[in-house]
Amino acid sequence: MSVTVHLNLVDGEWVDGERRSNGNPARPGEIVSEYAVADRDTARAAIDAARRAQPGWASQPVGSRMAVLDDIGTTILRRTEELAVLLSREEGKLLSEARGEVSRAGQTFRYYAHQLLQPQGEVYSSTRPGVHAEVRRRPLGVIGIITPWNYPLAIPAWKVAPALAYGNAVVLKPAELVTASAGELARIIAGSALPPGVFNLVMGAGRVVGEELLTSAGIDGVSFTGGTGTGGHVARQCLAHGNKRFQLEMGGKNPLVVLDDADLEVAVRCALDGSFFSTGQRCTASSRLIVQAGIHDRFVDALAAAAGALRVGDPLDPRSELGPVVSPEQLAQNLDYVRIGRDEGARVVAGGTHQPDEGQFMRPTLFAGARNDMRLAREEIFGPVSCVIEVDDLDEAISVAGDTDYGLSAGIVTTSLSAAERFKRDARAGIVSVNLPTAGTELHLPFGGTGASNHGPREQGGYARDFYSVPVTCYTGW
Ligand code: NAD
């Protein structure tokens with residue numbers, strides 16, 4: 001297969017730099033793409049270009065902004081197959097999952113094109129005679145966007161699209177492992193009628209290019225998705241450098257509760273999908289399965305059998321049900337957690353090993369006999385590793401589910417309406433699912449968590465406007 005080369009995009013020009021390559025996690029030695037590493041000067045030039053371009057873009061008529069966003073979305077959708085193959089080769093997710101992600105990215109641009117037709121302000125009655133009171137929105141300005149590797153196209157899309165829609169300019173810094181998808185997105189945007197400088201791409205290390213976005217006076221806000229540790233650093237830097245606005249979407253240790261009255265088949269399906277699909281590399285993955293005693297043994301046996309039967313292999317092979325782990329470092333970390341879980345006294349009932357093939361494949365791994373105070377149950381692993389914690393009743397399940405630093409997504413499998421309602425009310429998470437996997441969200445609904453999973457306004461849907469625009473309260477007397 002061919003190797004694509006991606007350059008940085010600054011003020012509408014392609015800017016070269018030291019070249020690096022990214023490989024295919026399923027096929028050792030196969031290079032997927034090359035990219036030009038941006039240095040601090042390139043990042044500064046991108047920020048300057050964005051500053052110059054932003055006012056002109058914000059003052060374009062809504063119809064023009066809509067047309068640009070709609071065109072970008074349509075182009076992404078038209079190129080779904082080709083972009084999905086590239087995404088699958090560079091990140092390792094199944095081709096079917098990659099197609100879904102590309103489609104999500106395209107739909108997201110089209111969604112925000114149409115969001116611009118929604119009301120953009122509010123009118124209030126003033127308590128003073130002869131005064132008109134209204135709230136308008138103005139763009140935040142220049143946004144630094146920093147993204148992780150696990151959704152190489154969808155996460156950039158769900159940040160870039162609303163940023164542009166609401167009249168901002170953007171400097172995108174994607175994760176180093178997935179520069180090809182970001183590079184293709186940049187090519188598509190560069191081919192649209194978006195004025196030069198409104199969207200810029202800079203690729204490279206977080207501590208160089210990312211750091212420039214956090215510390216530059218030319219950036220008004222940073223939208224970040226990644227690990228909780230990195231997110232804390234982003235927050236501190238944004239506060240220290242100009243009190244920038246920031247939005248953080250971070251890790252998870254998401255619980256799926258299974259009650260005695262659950263339909264076993266539904267429970268196994270939700271746990272299998274939530275724990276292992278996308279190789280468990282989802283911030284919304286179910287990594288703690290909190291199971292009531294009466295169904296516990298049947299559930300563990302059925303899930304272990306289903307996990308053991310999953311076909312792990314090349315993501316481009318339609319027979320594969322699980323792709324590789326993204327990098328050797330991530331695989332080593334996953335296997336380390338298998339050792340930690342065993343040392344803590346939990347029992348491996350499925351997987352637990354590196355699949356002895358070529359590539360970075362790992363068997364889906366299920367632990368039984370876990371306790372919620374184990375590292376296995378407290379720390380985000382970000383791989384195909386899940387653990388079962390046995391509980392007596394709904395009260396204990398809710399308490400264990402909420403006993404975590406994180407709070408992104410929580411699910412319950414039950415046939416009891418009252419248990420479901422109670423869980424929706426009491427689960428400490430930003431996303432709650434009933435009889436559905438904890439991973440699986442829709443682009444027009446708000447996305448985000450609580451605790452160590454999130455800081456700042458929600459992403460996606462109409463809620464995205466809260467980060468990408470600033471309310472301005474206007475009083476007019478006559
Ligand atoms: P990461 O924190 O290592 O990196 C995320 C991004 O931050 C990358 O682009 C990286 O280069 C950049 N970065 C690193 N150091 C930086 C610095 N000093 N300054 C500025 N930028 C810096 O995360 P990752 O390994 O790419 O992704 C996995 C993590 O992302 C997991 O914790 C996962 O839960 C989380 N995630 C969260 C969500 C969500 O919406 N909540 C979605 C996907 C992934």
Side-chain angles (χ1 to χ4, degrees), residues 100 252-278 280 282-310 321-322 346-347 349-350 364-372 377 384-404 406-442 444-450 453:
K253 195 71 194 176
N254 308 293
L256 177 74
V257 170
V258 178
L259 295 186
D260 283 349
D261 62 29
D263 177 325
L264 184 64
E265 225 179 278
V266 174
V268 170
R269 204 166 56 234
C270 290
L272 197 70
D273 175 322
S275 301
F276 304 124
F277 289 5
S278 299
R282 294 186 284 189
C283 50
T284 49
S286 321
S287 44
R288 292 183 299 142
L289 306 170
I290 299 167
V291 184
Q292 203 174 353
I295 196 172
H296 176 272
D297 293 358
R298 282 179 294 138
F299 173 80
V300 169
D301 288 349
L303 182 59
L310 285 174
E321 294 171 295
L322 221 66
R347 238 169 347 104
V349 292
T365 299
L366 182 66
F367 278 92
R371 286 191 326 271
N372 202 45
V385 181
S386 195
C387 64
V388 178
I389 301 166
E390 188 174 336
V391 293
D392 287 334
D393 53 26
L394 177 61
D395 285 335
E396 189 184 355
I398 289 175
S399 154
V400 170
D403 178 12
T404 171
Y406 297 103
L408 184 55
S409 186
I412 189 166
V413 186
T414 179
T415 50
S416 156
L417 190 56
S418 67
E421 285 304 314
R422 166 97 198 277
F423 194 74
K424 282 191 264 183
R425 191 191 67 193
D426 293 344
R428 211 176 58 81
I431 301 164
V432 178
S433 307
V434 178
N435 296 327
L436 290 169
T438 55
T441 60
E442 300 182 27
H444 59 302
L445 292 165
F447 179 92
T450 59
S453 296

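The first residue of the sequence shown is numbered 1, and numbering continues consecutively from there. Both backbone and side-chain heavy atoms feed into the values below; hydrogens, waters and symmetry mates do not.
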K.L.:
Search all heavy atoms of L436 against all heavy atoms of S433 and return the closest pair with its distance.
P.N.:
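Scanning both residues, the minimum pair turns out to be O-CB, 3.7 Å.
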K.L.:
In terms of side-chain geometry, is the basic nitrogen of D403 or K253 positioned less than 4.0 Å from the acidic oxygen of its partner?
P.N.:
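So D403 does not pair with K253 through a salt bridge.
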K.L.:
Might you point out which heavy atoms bring Q292 and D393 nearest each other, and give the distance in Å?
P.N.:
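Heavy atoms of Q292 and D393 come nearest at NE2-CA, 3.7 Å.
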K.L.:
Which atoms form the tightest heavy-atom contact between L408 and G448, and what is the distance?
P.N.:
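So the minimum-distance heavy-atom pair works out to CD1-C, 3.6 Å.
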K.L.:
Please report the interatomic distance CD(E321) to CG(L310), rounded to the nearest 0.5 Å.
P.N.:
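Taking CD in E321 and CG in L310, the distance rounds to 5.0 Å.
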K.L.:
So, are R282 and D273 salt-bridged, with charged N and O less than 4.0 Å apart?
P.N.:
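D273 and R282: salt-bridged.
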K.L.:
Kindly give the heavy-atom pair with the smallest separation between S453 and G407, and that separation in Å.
P.N.:
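Of all heavy-atom pairs spanning S453 and G407, the closest is OG-N, 2.9 Å.
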K.L.:
So L272 and L303, side chain to side chain contact (heavy atoms under 4.5 Å, CB included) or not? Walk me through it.
P.N.:
CA-CA 7 Å; L272 197 70; L303 182 59; 3.9 Å; yes
K.L.:
Please report the shortest heavy-atom distance between C283 and F447, naming the atom on each side.
P.N.:
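Minimum heavy-atom separation between C283 and F447: SG-CZ, 4.1 Å.
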K.L.:
Can you see which heavy atom on L322 is nearest to which on F276, and at what distance?
P.N.:
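L322 and F276 have their closest heavy atoms at CD1-O, 2.9 Å.
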K.L.:
Could you give me the CA-CA distance, side-chain angles and deciding distance for D261 and T414, then say whether side-chain hydrogen bond (donor to acceptor under 3.5 Å, both in side chains) is met?
P.N.:
CA-CA 6 Å; D261 62 29; T414 179; 2.7 Å; yes
K.L.:
Under a plain distance cut-off of 3.5 Å, with no hydrogens placed, do S409 and T284 share a side-chain donor-acceptor pair?
P.N.:
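T284 vs S409: no donor-acceptor pair found between side chains.
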K.L.:
Counting only N and O atoms by type, is there a donor-acceptor contact under 3.5 Å from the side chain of R428 to the main-chain atoms of Y406?
P.N.:
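At least one qualifying donor-acceptor pair exists.
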K.L.:
Show the numbers, then the answer: is there a side chain to side chain contact (heavy atoms under 4.5 Å, CB included) between R422 and D395?
P.N.:
CA-CA 10 Å; R422 166 97 198 277; D395 285 335; 2.9 Å; yes
